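Down below is the structure, laid out as structure tokens.
In this text, all values refer to a predicted model and were calculated from it rather than measured experimentally. Whatever order the structure lists ligands and atoms in, that order sets their numbers, starting from 1. All values below were derived from every heavy atom in this structure, side-chain atoms included, with hydrogens, water molecules and symmetry-related copies excluded. FYI, the numbering just counts along the sequence from 1.
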Amino acid sequence: MTDRIQTRVLTVDPAVPEPQIIAEAAAVIRAGGLVAFPTETVYGLGASALDEQAVARIFHAKERPATDPIIAHIADLRQLDVLARDVPLAAHALARRFWPGPLTLVVLRRPIVPANLSAGRATVAVRMPAHPVALALIAASGVPIAAPSANRFSRPSPTTAAHVLDDLDGRIDLVLDGGSTHIGVESSVVDLTVDPPVLLRPGGVTITALRQVLPELTFAPRYVATDGEALPAPGMLLRHYAPNAPLTVVAGDHAAALERIRAEAQAAINAGLRVGVLAFDEDAPALTDLPVRIVQMGPAANPEVVAQRLFAALRAIEQTGVDLILARDPGQEGLSLTIRDRLVRAAEGRIIVAGQ
Ligand code: TXA
Ligand code: MG
């Protein structure tokens, strides 16, 4: 990264965004600049989706590999037809049910879409976010907005403006600070260009809800360990959010997994290592007698709360300076499948099963 730029921060009302703030941010977008803004999932790093140079700046600021395509955000259904051709009926059915909301649809792109946005593919990913600031910004800009999560590549997605600044201060023009995001994990990504359609990334909409509209939707998590080999689909890199201390996910039934976490922690402590636990609220009392750093993620029984806190918890635990991190497998029910996906990626695939 060479030239540092001045990153401005403007506070915006997340429910009723001030028109003059939005106008200022939209002017930056139209001029080809970079604006981080809140969505209902995570903060996005926005630029005009129709401006190849502006999109290139996103890749540069994030240090994102050019092989990973970016989602175009729209505020109006008509913008879907600007970006995409031969939009299948299933896209309209899903859009009717879930937009605006945490769902991204991969469809065939039109030539107007810059090649770098799609990483050279014949497709484009489109989402209509459910956040007043995001919708107002897109509308005022007059163009779809390209926006990956506003983190540096391989860092947890940002759920506050402070997280954005931690990763991107000096690299982007503006941050709209609209407080914490509500959902906390990214959108679900559905590829409608293949038959049957496939869930590429579990996210804010559960697979059960998606299958109510699209019963044939398939999902088989496949993770790819290295950056070197060709990815079967973009976004499948295992090392996606790697905390700076190695994380291990401990699976198995609740009591056995908790006991295994205690045993792993004790063994590491005996070896002179500092241990952190990303703990569900229910589990924390069973760990307080050990000299471990505990960051609570919320109640296991309430995955909506855990999702909201997950990325902040990952950032918080690595800041404690521990040598290794342990977390219990959240299971695969509803939104827990999404939480599990993010934890397994943060763990670079390290899962141990208690009792085995
Ligand atoms: O909730 C979200 O989706 C957030 C907010 C800002 O909208 N955005 C986000 O963007 O998470 P990003 O770039 O961090 O993740 C986008 C995912 C990646 O896994 C990418 O590979 C996939 O979507 N993707 C984008 N375009 C695609 C395409 N044309 N085909 C297949 N996958 C695509
Ligand atoms: Mg991301």
Query - Cluster check Trp99, Ile138: I/L/V/M/F/W/Y, side chain < 4.5 angstrom - result: yes
Query raised in the report: If you group Ile, Leu, Val, Met, Phe, Trp and Tyr by side-chain heavy-atom gaps below 4.5 Å, do Val322 and Val277 land in one group?
Result: no
Report task. Check the side chains of Arg201 and Ser187 for a donor-acceptor pair under 3.5 angstrom, ignoring hydrogens and angles. Result -> yes
Query raised in the report: Between the side chains of Arg127 and Thr39, is a donor N or O closer than 3.5 angstrom to an acceptor N or O?
Result: yes
Query - N, O or S of Asn151 under 2.8 Å from the Mg ion (ligand 2) - result: no
With heavy-atom distances below 4.0 Å as the criterion, list the atoms of ligand 1 near [X].
{"X": "Ala147", "answer": "6 (C), 8 (N), 10 (O)"}
{"X": "Thr123", "answer": "28 (C), 29 (N), 30 (N)"}
{"X": "Ser149", "answer": "8 (N), 9 (C), 10 (O), 12 (P), 14 (O)"}
{"X": "Ile71", "answer": "3 (O), 8 (N), 9 (C), 10 (O), 16 (C)"}

Query raised in the report: Between Glu318 and Arg155, is there a side-chain N and carboxylate O pair less than 4.0 Å apart?
Result: yes
**Report entry** Test: Glu63 and Arg171 ion pair at under 4.0 Å
**Finding:** yes
Query raised in the report: Which is it for Met128 and ligand 1 at heavy atoms under 4.0 Å: side chain, backbone, both or neither?
Result: neither
**Report entry** For ligand 1, the portion of Asp191 having any non-hydrogen atom under 4.0 Å away
**Finding:** neither
Within the structure, does [X] bring an N/O atom to less than 3.5 angstrom of an N/O atom in ligand 1?
{"X": "Arg127", "result": "yes"}
{"X": "Ser187", "result": "yes"}
{"X": "Tyr43", "result": "no"}
{"X": "His73", "result": "yes"}
{"X": "Lys62", "result": "no"}

**Report entry** Minimum side-chain heavy-atom gap Val12-Asp177 below 4.5 Å
**Finding:** no
Report task. May I ask you to check whether over 12 heavy atoms, not counting those of Glu216, lie within 6.0 Å of atom CD? Result -> yes
Query raised in the report: Can a non-hydrogen atom of Arg109 be found less than 4.0 Å from any atom of ligand 1?
Result: no
